[in-house]
Amino acid sequence: MFRKYWMLTLFPLQPESEVFEITDFTTASEWERFVSRVEEVLNDWKLIGNNSSKPPEKGEYTSGTWEEKTQDINFADFKFSVTHHCLKQESEEGEGKEEPEEDAFPTAMQDLLCMNNDFPPRAHCLVRWYGMREFVVISPGANCEAVISESKCNLLLSSISISLANTGCQVPMFVQIQQKWRRMYHGECQGLGVRTDFEMVHLRKVPSQYNHLSGLLDIFKSKIGCPLTPLPPINIAIRFTYVLQDWQQYSWPQQPPDFDALLGGEVGGVEFGKLPFGACEDPISELHLATTWPHLTEGIVVDNDVYSDLDPLQAPHWSVRVRKADNPTCLLGDFLTEFFKLCSKKESTEEILGRGPVEEEGKDDISHALSKLTEPTAVPIPKLSVSNMVHSARKRIRRHRRVDESPLSNDVLNSILLYLFPDAAIDKSSSENSESKASQLNTDGKPEEKESDDYNLYNQLKSAPSDSLTYRLALCVCLVNFYHGGVRAVAHLWQEFVLEMRYRWENNYLVYGLASGPPDLRCCLLHQKLQMLNCCIERKRARDDGRKMAEGGKERERGRERKVSGATGTENGRLGPESAEMGREVSPGKSWDSWSDSEGEDEFFECLSDTEEMKEAGSTDGEKGGAKVAKPDGRLHPHGKLTLLNSQEPLYIPVTQEPAPMTEDLLEEQSEVLAKLGTSAEGAHLRARMQSACLLSDMESFKAANPGCTLEDFVRWYSPRDYVEEEVVDENGDTVVRGDLSARMKIPGNMWMEAWATAKTTPARRQRRLFDDTKEAEKVLHYLAVQKPADLTRHLLPCILHAAILKEKEEESVEDILSVRKAIQQATSHASKLLRHPSPDYKKLEDVITQLIAVETVIARSRSLKAKFGIGKAEQGDNAEDLERFVSSLLEEPEVSVIGAGRGPAGSIIHKLFVSAQRAALLAPLDEDTGRGGGADDKKPMGGASVPDFPPPAGREILLRTCVPRPAPYSKALPQRLFCVLMREDFRLAGAFSSDTSFF
């Protein structure tokens, strides 16, 4: 052969010559490669040999953990998936290797006879049919056609048989054949001298001769073909399942929505300020009752085509499972979903509501309001204010807008505005009383709740306090969007809200429902903007009140207020928010005219006369040369016992300007501007000057309050750490304390030294305002006016999620469900992480809404079950706790055993439910015709034969087991099993038949 190959190599044949083909029969075929690949998978998963272990505990198939491993293999170009299913047992490693027996049956054969896990409620279908804890399944790949032909099925069965024999694997292997929906499996398990064949029959209709126990016993006996004349006893386990779909006795308690009501109906208690809750339909669709006879023998029970002993009321074991409705309609979930959809809208308020000629005229009036104030006109100036322009435009818009163009009726709109601004119901003419009443309303009468975790939830979600205007606005927008016209109604409400903000700014009415002080950066941006507007109104009111007091000339009252503001309204020389209305301008020795001039509508103060300017300049020179001493101005109170370093005069804390409040977007803009200045020396210097405006103002106030002071004196008050004192010995040998500026204060070009050198002797009341409230208020109002409904929705989304979480916490506290509490905590944590981000991911926020909907659904299911089982009624008595545990278990577990079966408290209620449904289904027309309902006639069908208490079973499962020698009388006694499923359109026989292969 080698010589021939060598000759062909040296003398290649011509193309016309004959080509010899040599077939190598030692090459493996595709089938052999497939068998080899299956053996490799079994070896890789270490499924070789018999891993015997203890029998499974009762219920372990349901409560235990199942592990799966999958690997893909090919038969030629056909893809198969090999999956290993195994029940993880904790003690199997320690106890499984103690005493391995050589002749022990495979674990799968032992499981065929085990009765601890018959009819598991949640397991693989092969586990339910054959009771195995470990097996391997070979099934066609995802996009491959089913194995239907008999030759292919036999080829696969031969493959697994060879693989099991070659590897010594004792784990049963199955092959999935026919269409996947039929769940048809054939398989084999091999042991030492034994083999079990797994076979299956599946039909669409139940044959009449096999529609009862006696016919199935005949099949089982003929299949095992036991040669023994006294047939060993056959163990029988039977389960009948009854389905309850008609809840006639208990209607779903949720009321339908009333769309005709003024405030959107009373569905779940809907009103402004409260989110609805609950399912609109019954979230429990079916109740499945499984009646089980776990241990029967052939002679004990009779079940044939004529008579049956299998009465469900006499079954020793009952178990119940509920079928939950898929995605039931829930009120809170619908509200959140519809509100979230607004985030994707792109239309502006003008585009949504539209503008008519009259509206354009109103818009012109608003935009030219300031210019009209300066035009010559015979109308008195007070009637030409911006607020009058706004309200005249609003009246024209409302008067000329047609009814169909206004999404919100006047009644609904007035109700909303009264809910948002309850202080509007108080007569604003009595200013002091109204302010005190409004402040009382702000607390909502619940001061103690502000320390609770639920109240402080807004810190995590970056929303707004639950008693704030922003929070109430979010609730109103959500309700209006759902009940009163969607995005058009939202745009209408927002338009009215912005006009109300403009009105309050122009008329010096504080915005109700906002905490005093600067904007809270822990809240959402919209809440910060409203707080900023309130700060502007407070500053403006302080100026206007001061001007009125100055015009009245109430000197004694000013002195009294000065004492009050000095004692309670300031802290370290800065006026707190609570003293804004009392006037931080009450500095000794100056009139209100000076302060109001500097804090007027424009940001300039009245010019001084030449003589006064010369005096000011002379006083400034006197500070440097010591020739003259200026008159102190703007003092608050002495700073302890400190005195000036150059004199024995007490060091006074000056009255200073409050730093300008800022919202987070303004802070971000400021940081960007400062960052753009770069790192050069010039940029750093300019950055320091921009940041030292407040410092310069305080220095000027300090100089005015302490004539003849030095930078060291200012540092001792403003930054004590930068004034270092130490003990030294003087010329006389005495120990004295001397102080000096810190090292950083002595750096050449220090901003503090430069600011001190340029600071003038000017009290706070005559300085340029650090915070221009007029400008900032107009910026806030413009920001609110340009917000689209989608922008508004994004601003208010944290508040709505906040409200939804609080609502679910409130509802859960009534139901007390542990899993719901954990789910709410997870949703809160998830939402907190997303909302704290500057640009939240709205797709992930949609997942949070899905979590909240799931929580609402679980609570609705709990209430549905409690209503059906009568929990909470007085007649339950001692059984109430047992029923509550039973209902809670139905929500958490796939199947729950009924204590006492049909004679227990839960069993009697279930029995009544079925009887009521049967009576409604079979006798409802008769009751309607006779006009009789209730009384003794209703009890008659319950015991009568014409109307059974239970409907025909929706499914029957019969399990037959025995242990007989097969195939010969002298063979080993091996386990045999047949699982039968009988349904209206499904008939299945799953058999496991073992045989002795020692001599066969």
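Everything numeric here is computed off the predicted structure, so don't read it as measured data. Quick note: residue numbers are just sequence positions, from 1.
Between K540 and T774 the shortest side-chain heavy-atom distance does not fall below 4.5 Å. Contact annotation: the side chain of H527 approaches that of S468 to within less than 4.5 Å [non-hydrogen atoms, C-beta and beyond]. Using a 4.5 Å heavy-atom cutoff, the side chains of P465 and C523 are in contact. A 4.5 Å side-chain heavy-atom check between K529 and L533 finds every atom pair outside the cut-off. In this structure, L695 and Y718 have side chains that are in contact, with non-hydrogen atoms separated by less than 4.5 Å. Counting heavy atoms from C-beta on, the side chains of Y783 and T663 never come closer than 4.5 Å.
Contact between K703 and C709 at its shortest, heavy atoms only, is CA-SG, 3.9 Å. Closest approach of A704 to T762, counting heavy atoms only: CB-C, 3.8 Å.
D698 and S701 form no side-chain donor-acceptor contact under 3.5 Å, judged by distance and modelled atom types alone. In summary, the side chains of E649 and S647 do not present any donor paired with an acceptor at a separation below 3.5 Å, with no hydrogens or angles considered.
For Y512 and F421, the ring centers are positioned 6.0 Å apart or more. If you look at H802 and Y471, their ring centroids are closer than 6.0 Å.
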Determine, stepwise, if the pair W494 / V477 fulfils side-chain contact (heavy atoms from CB on, under 4.5 Å).
-> CA-CA 8 Å; W494 180 241; V477 170; over 6 Å; no
Under the side-chain contact (heavy atoms from CB on, under 4.5 Å) rule, what do L636 and T656 come out as? Steps first, then yes or no, please.
-> CA-CA 9 Å; L636 185 60; T656 59; over 6 Å; no
Test log, rule side-chain contact (heavy atoms from CB on, under 4.5 Å), inputs R504 and D423 = CA-CA 12 Å; R504 287 177 175 262; D423 59 332; 3.0 Å; yes
Show your reasoning for whether salt bridge (Lys or Arg N to Asp or Glu O under 4.0 Å) applies to R716 and D713.
-> CA-CA 5 Å; R716 290 164 67 200; D713 293 320; 3.1 Å; yes
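Remark: the backbone N or O of I653 is not paired with any side-chain donor or acceptor of R635 at under 3.5 angstrom.
Ring geometry for F714 against W717 counts as perpendicular: the plane angle is over 60°, on a 0 to 90° scale with 30° as the lower cut.
Salt-bridge annotation for E538 and R541: absent, with no side-chain N of the basic residue lying under 4.0 Å from a carboxylate O of the acidic one. Checked for salt-bridge contact, K843 and D841 miss the test: no charged N lies under 4.0 Å from a carboxylate O.
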